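Index from 1, following the sequence. These numbers were taken from a predicted model, which means no experiment stands behind them.
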Amino acid sequence: MIDALTYAGAVAAISTICAVVLGLITGGGLSRAKLVLFFVGFILLGYTTARLWPRSPSDLEDDAALSGVSGDSIPETADQTRFQALVASLPPKRWFPAPPPEDRINPAGKLFFGSLAVLLISYLMEAVFGI
């Protein structure tokens with residue numbers, strides 16, 4: 001779970017930084033950044049929902065498909081993107097050992113949590129900070 005929370009925090013931080021820079025460059029300030037975060041959050045939410053959707057009813061019956069793990073032999077370093085390698089080196093994640101492959105959340109699930117974090121930041125900018 002630490003892996004998913006670190007991943008979500010990294011997605012939210014990078015999205016927020018990019019949205020604030022875009023808002024400042026275009027002259028909209030934090031108000032435009034809030035809107036950018038709102039739309040980026042919903043686009044990510046739709047994308048991850050489509051990635052997590054089962055392809056067939058048999059996908060729901062297979063435990064390996066639910067955990068994102070397939071096959072008998074799982075390599076130590078699964079197909080990792082540069083972003084996933086960066087997240088693995090961030091402080092909360094690097095302090096804990098990696099869970100066994102069957103207990104890991106697949107990348108689409110981690111991105112789902114990231115999209116919720118982006119939407120939460122957009123909401124907090126609106127409701128709490130009054131932007």
message: Does anything in residues 9-33 form a side chain to side chain donor-acceptor pair (under 3.5 Å)? List the pairs, not counting sequence neighbours.
response: T26-R32

Which donor-acceptor pairs under 3.5 Å do side chains of residues 39-51 form with protein atoms, sequence neighbours excluded?
residue: Y47; atom: OH; partner: R51; partner atom: NH1; Å: 3.3
residue: T48; atom: OG1; partner: L44; partner atom: O; Å: 3.0
residue: T48; atom: OG1; partner: L45; partner atom: O; Å: 3.1
residue: T49; atom: OG1; partner: L45; partner atom: O; Å: 2.7

query: Can you tell me how far CG of L37 sits from CG of L22, rounded to the nearest 0.5 angstrom?
result: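 That separation rounds to 10.0 Å.
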
Identify each donor-acceptor pair in which a side-chain atom of residues 124-131 lies under 3.5 Å from a protein atom, sequence neighbours left out, and give them as a table.
residue: E126; atom: OE1; partner: K34; partner atom: NZ; Å: 2.5

Joint cluster assignment, F38 & I17, ILVMFWY side-chain distance < 4.5 Å: no

Partners meeting side-chain contact (heavy atoms from CB on, under 4.5 Å) with P97 (sequence neighbours left out): none

- request: Kindly determine whether V36 and V20 satisfy side chain to side chain contact (heavy atoms under 4.5 Å, CB included), including the steps that lead there.
  value: CA-CA 9 Å; V36 168; V20 168; over 6 Å; no

Sequence neighbours left out, cut at 3.5 Å: what donor-acceptor pairs do the side chains of residues 3-14 make with other protein atoms?
residue: D3; atom: OD2; partner: K110; partner atom: NZ; Å: 2.7
residue: T6; atom: OG1; partner: I2; partner atom: O; Å: 2.8

